[in-house]
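Since we're looking at a predicted model, the values are computed, not measured. Ligands are counted one by one from 1 in listed order, and the atoms in each one are counted from 1 as well. For the numbers below, each heavy atom of this structure counts, side chains included, while hydrogens, waters and symmetry mates do not.
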Amino acid sequence: MVETHVFAQDNLDTSKINTNKLPKHIAIIMDGNGRWAKQKGLLRAIGHENGTKSVRQTVEASAKIGIENLTLYAFSTENWNRPKLEVDTLMKLLVSALKKEIKTLQDNNIKLNAIGKLSNLPKKVFTELNEVIERTKDNSRMTLTLALSYGSREELLNTIKEISDKVKNNIISSENIDESIINEHLYTQNLPDVDLLIRTSGEQRISNFLLWQIAYAELYFTKVLWPDFTQQHLCDAIIEYQNRERRFGKTSEQIS
Ligand code: IPE
Ligand code: IPE
Ligand code: MG
């Protein structure tokens with residue numbers, strides 16, 4: 001196989017990335033904003049604010065490298081249980097980031113998508129989100145999916161309810177329920193399975209993120225706190241992914 005290289009940024013070393021073997025879908029659990037702020041004696045809100053810079057860097061680098069799908073865990077169903085002040089701050093930050101970053105999305109030909117129980121979001125967030133989704137819907141270089149008020153168990157519950165309703169109304173017969181029918185009813189319906197799942201901040205857990213979709217994803221944990229996550233860190237994760245052997249249940253000999 002011919003190795004080709006991409007150069008996303010002058011100071012970014014992407015020379016070790018094989019563009020013929022890119023993950024089609026990268027998902028990131030962006031964790032560690034609070035600890036980043038605490039280490040510096042700052043408010044958690046400042047940590048979240050700095051986290052948005054890493055979001056922009058990661059989105060731009062992913063598009064330039066040629067990643068087709070990037071999904072970012074921005075707010076979980078469980079995060080609603082945080083202090084109201086922090087939830088409000090996060091929602092405000094989201095609205096301002098959406099307003100500000102529409103240009104980044106347009107300049108980079110990126111389509112915005114969202115997964116989660118979006119009806120639970122404050123009206124302002126919901127409206128702004130839909131506006132950006134609508135305005136970027138014809139962009140084709142990369143799909144950026146924000147997981148907002150997202151929990152995998154809630155998603156699966158929703159899926160089961162939708163399918164049951166269809167069975168009840170004779171739209172689907174229960175014998176015909178298969179993996180593709182489940183995929184079509186998940187919030188991630190138009191996305192391929194996750195190839196590479198990254199979690200920052202040193203925690204080694206999934207925290208209710210894409211449980212169905214990560215069945216065969218490669219997991220990459222880094223101690224770097226999200227506000228410190230750079231384009232080079234993303235490249236490192238992709239390189240590590242490319243050095244792993246994905247066997248999907250087969251033997252090593254069958255793969256090679
Ligand atoms: C991730 O950072 C952002 C969200 C979950 C919204 P945290 O806020 O979880 O930061 P830590 O884990 O407390 O450091
Ligand atoms: C996971 O981070 C959710 C997001 C990054 C949005 P948390 O900080 O909420 O996860 P736990 O509570 O440490 O598992
Ligand atoms: Mg956390």
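No side-chain heavy atom of Met142 sits under 4.5 Å from any side-chain heavy atom of Glu68. For the pair Gln106/Ile102, a side-chain contact is recorded, criterion being any heavy-atom separation below 4.5 Å from C-beta on. Within the 4.5 Å cutoff, side-chain heavy atoms of Arg199 are placed close to those of Glu203.
The shortest N or O to N or O distance between Asn79 and ligand 2 is under 3.5 Å. For the pair Glu203 and ligand 2, the shortest N or O to N or O distance does not fall below 3.5 Å. When only interatomic distances are considered, the shortest N/O to N/O separation between Tyr73 and ligand 2 does not fall below 3.5 Å. For Trp36, no nitrogen or oxygen atom sits less than 3.5 Å from a nitrogen or oxygen atom of ligand 1, counting backbone and side chain alike.
For a distance threshold of 2.8 Å, the protein N, O or S atoms nearer than that to the Mg ion (ligand 3), listed by chain and number, are Asp31 OD1.
A single hydrophobic cluster is seen to contain both Ile239 and Leu234, as judged by linkage of ILVMFWY side chains at heavy-atom distances under 4.5 Å, directly or through other members.
Those atoms of ligand 1 that come under 4.0 Å of a heavy atom in Arg44, given as number and element, are 7 (P), 8 (O), 10 (O), 13 (O). Listed by number with element, the atoms of ligand 1 under 4.0 Å from a non-hydrogen atom of Ala74 are 6 (C). Annotation for ligand 2: atoms under 4.0 Å from non-hydrogen atoms of Ile29 are 1 (C), 5 (C). Counting atoms of ligand 1 from 1 in the listed order, those under 4.0 Å from a heavy atom of His48 are 3 (C), 8 (O). Every atom of ligand 2 with a heavy atom of Arg205 under 4.0 Å away is listed here by number and element: 11 (P), 13 (O), 14 (O). Listed by number with element, the atoms of ligand 1 under 4.0 Å from a non-hydrogen atom of Arg35 are 11 (P), 12 (O), 14 (O). Close approach to Phe75 involves these atoms of ligand 2, each under 4.0 Å from a residue heavy atom: 6 (C).
Through direct or relayed side-chain contacts under 4.5 Å between Ile, Leu, Val, Met, Phe, Trp and Tyr, Tyr187 connects to Ile29, Tyr73, Ile115, Tyr150, Val194, Leu197, Ile206, Phe209, Leu210, Leu211, Ile214, Leu219, Phe221.
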Side chain to side chain donor-acceptor pair (under 3.5 Å) between Glu154 and Thr77: does it pass, once the steps are laid out?
CA-CA 8 Å; Glu154 192 282 322; Thr77 46; over 6 Å; no

Would Ser76 and Asn79 satisfy side chain to side chain donor-acceptor pair (under 3.5 Å), going step by step from the backbone distance to the final call?
CA-CA 5 Å; Ser76 74; Asn79 288 150; 3.1 Å; yes

Would Gln189 and Asn183 count as a side chain to side chain donor-acceptor pair (under 3.5 Å) here? Give the steps.
CA-CA 6 Å; Gln189 57 199 149; Asn183 280 325; over 6 Å; no

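The pair Arg246-Asp195 meets the salt-bridge criterion, since a charged nitrogen lies less than 4.0 angstrom from a carboxylate oxygen.
Summary of contacts: the protein heavy atom closest to atom 10 (O) of ligand 1 is Gly34 N, 2.9 Å. For atom 2 (O) of ligand 2, the closest non-hydrogen atom on the protein side is Arg199 NH2, 3.6 Å.
For residues 40-50, the set of pairs meeting the side chain to side chain donor-acceptor pair (under 3.5 Å) definition, not counting sequence neighbours, comprises Asn33-His48, Arg44-Glu86, His48-Glu86, Asn50-Lys53.
Contacts of Ser201 with ligand 1, taken as heavy-atom pairs under 4.0 Å, are absent altogether. Under 4.0 angstrom from ligand 2, there are no non-hydrogen atoms of Phe209.
The residue from Asp228, Asp31, Thr222 that alone fulfils the side chain to side chain donor-acceptor pair (under 3.5 Å) condition with Ser201 is Asp31. Between Asn113 and the options Thr143, Thr145, Asn69, Thr71, a side chain to side chain donor-acceptor pair (under 3.5 Å) holds for only Thr145.
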Please set out all donor-acceptor pairs under 3.5 angstrom arising from side-chain atoms of residues 165-174, sequence neighbours excluded.
{"unit_1": "Lys166", "atom_1": "NZ", "unit_2": "His185", "atom_2": "NE2", "d": "2.9"}
{"unit_1": "Asn169", "atom_1": "ND2", "unit_2": "Asp165", "atom_2": "O", "d": "3.0"}
{"unit_1": "Ser173", "atom_1": "OG", "unit_2": "Asn176", "atom_2": "ND2", "d": "3.2"}

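Proximity annotation for atom 9 (O) of ligand 1: of Glu78, Met30, Gln39, Arg82, Arg82 comes nearest, heavy atoms only.
Distance remark: protein heavy atom present below 4.0 angstrom from atom 13 (O) of ligand 2.
Within 6.0 Å of CD on Glu245 lie more than 12 heavy atoms contributed by other residues, nucleotides or ligands.
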